[in-house]
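Below: the structure, in structure tokens.
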Amino acid sequence: MSKVRVRFAPSPTGFFHIGSARTALFNWLYARHTGGTFVLRIEDTDKERNTDEALRVLLDGMKWLGLDWDEGPDVGGDYGPYFQSQRQPIYDAYLKKLEDAGRTYEKDGAIWFKLEGERYTAYDDFLKAEIEKVKAAPVVIEDAVRGRVERAEEKDFVLVRKDGSPVFHLVNVVDDIAMGITHVIRGEDHLSNTSKHVELFKAFSVEPPKFAHIPLILKEEGSGKMSKRDKGALIEEYESRGFLAAAVRNYISLLGWNPKDEREKMDIGEIIELFDFPGINKGNSRFDEKKLAALNAEYLRELNIESFTFLARPLLNDAGVVSEEVDEDYLQAVLTLCQPKARSLDTLSELCGYFFVDDYPMDEKTGAKIAQKADPKALLAEVLPLLESVEPFDTDSLKSALEAHAEAKGEKVFAYFPALRYATSGQGGGPDLLPMLEVMGRERVTGRIKRFIA
Ligand code: GLU
């Protein structure tokens, strides 16, 4: 078989939708799996929507996900230009071929594609008029995902509009021919266009590429297709919410594909190795934010602390929790405690904000619960002198000092813990208490306890 050449052919709209990202990813995976070429072709024929800004969102999203293209914008290649807006001479030349073969005609200022077959007049319910129809032989598509699909076109269709602009069907097919595309992997919403495309390939006397139409991504609830308004639909938002690209990419690979075992977390090398058409599901997939968050949490836990700190810092900064001047060692020590509990970076400020700011919110329910058992202020007043004098101020010394104190009082050491945690963090849960106090340091801890008692 000739070398695989696949393409991702987006029309930049200003958003990088998860469905587009999935199409890009599947093409990229197939190219990497087969050692083929991944082409990025920009279908920018809609001048209103396809702005430079819209292109940037798309390219940034692709780069963020690590989907590098072998040919296309920025990198060039032998089959360019890679923007449809720059390929008009190519479309003209191909249109000429169809004209020469007698497969076009002009009507009402537009150029039409003439189907082959017996012509007859029929009443069209949609147009509410008599129109000419064609009994064309059905087109057979051996789709790599859907299996055999048969469909007969019944009407000629427009190739070039009145204003001279070529329609999607023409430019899409011409580019796939001119760029030597061997496999077209795209959303199932294009399946209904494919018979038109195959008719065009036949008219150009070119063997159509292999098609693989991938199922829809449904929104979390209900039966609808995920739209750009649904939470989780836009790739650019994952980036700003501090999701890890590797986790998002891993998750998207599972939307409509699976490696035929129960595995979900896979590194990209494994996914490339296992990815192929038989693993693509026929049924629609459903977006599942919880599953994505769980995968993201797994990836977060695996990061070394330097990388975790590097990624967390700007988000804590944006949340107003840490400033530029925050002590690097303190930041890293805090994040070492919080990393195992983190599910996403954008919720990190809620999880560990109190380490950095003194006016942390006090969870009232926790406060009430603690007060039911004992007077927290009295307990804290008891241990304050010990906290001020224990040397060094670390987990081990705190443990022995608090234990000795508790024993002398005929108490269990844990009797003091809830009040200590609540006074210093405002919360009822968090990292292990004594390491937490050690990281906060004596001054912060005693200061907070004094303020709490006052
Ligand atoms: N520009 C089309 C789209 O974004 C490309 C369809 C195709 O992959 O053939 O849907």
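Values reported hereafter were calculated over all heavy atoms of this structure, with side chains retained and with hydrogens, waters and symmetry mates removed. Every number for a ligand or one of its atoms is a count from 1 in the order of the listing.
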Legend entry - Residue and atom name of the nearest protein heavy atom (relative to atom 1 (N) of ligand 1), distance in Å to one decimal: E43 OE1, 2.6 Å
Inset, instruction - Please write down residue, atom name and distance for the protein heavy atom closest to atom 8 (O) of ligand 1. - result: R7 NH1, 2.7 Å
Inset, instruction - Any chance you could measure M179, atom CE, to D175, atom CG, to the nearest 0.5 Å? - result: 4.5 Å
Inset, instruction - Using the side chain to side chain donor-acceptor pair (under 3.5 Å) rule, pick out the option among E71, R41, R87 that qualifies with Y82. - result: E71
Inset, instruction - Kindly write out the residues that satisfy ring-ring contact (aromatic ring centres under 6.0 Å, His included) with F157, not counting sequence neighbours, or none if the list is empty. - result: F113, H169
Inset, instruction - Pick one of side chain, backbone, both or neither for how N172 approaches ligand 1, counting any non-hydrogen atom pair under 4.0 Å. - result: side chain
Inset, instruction - Please write down residue, atom name and distance for the protein heavy atom closest to atom 10 (O) of ligand 1. - result: H190 NE2, 2.6 Å
Inset, instruction - Among all protein heavy atoms, pick the one closest to atom 5 (C) of ligand 1 and tell me residue, atom and distance. - result: A9 O, 3.2 Å
Between side-chain atoms of residues 125-134 and protein atoms elsewhere (two or more places apart, or another chain), which donor-acceptor pairs fall under 3.5 Å?
residue	atom	partner	partner atom	Å
K128	NZ	D125	O	2.9
E132	OE1	R119	NH1	2.9
K133	NZ	E154	OE1	3.4

Legend entry - Flag, side chain of R103 to backbone of K114, donor-acceptor distance under 3.5 Å: yes
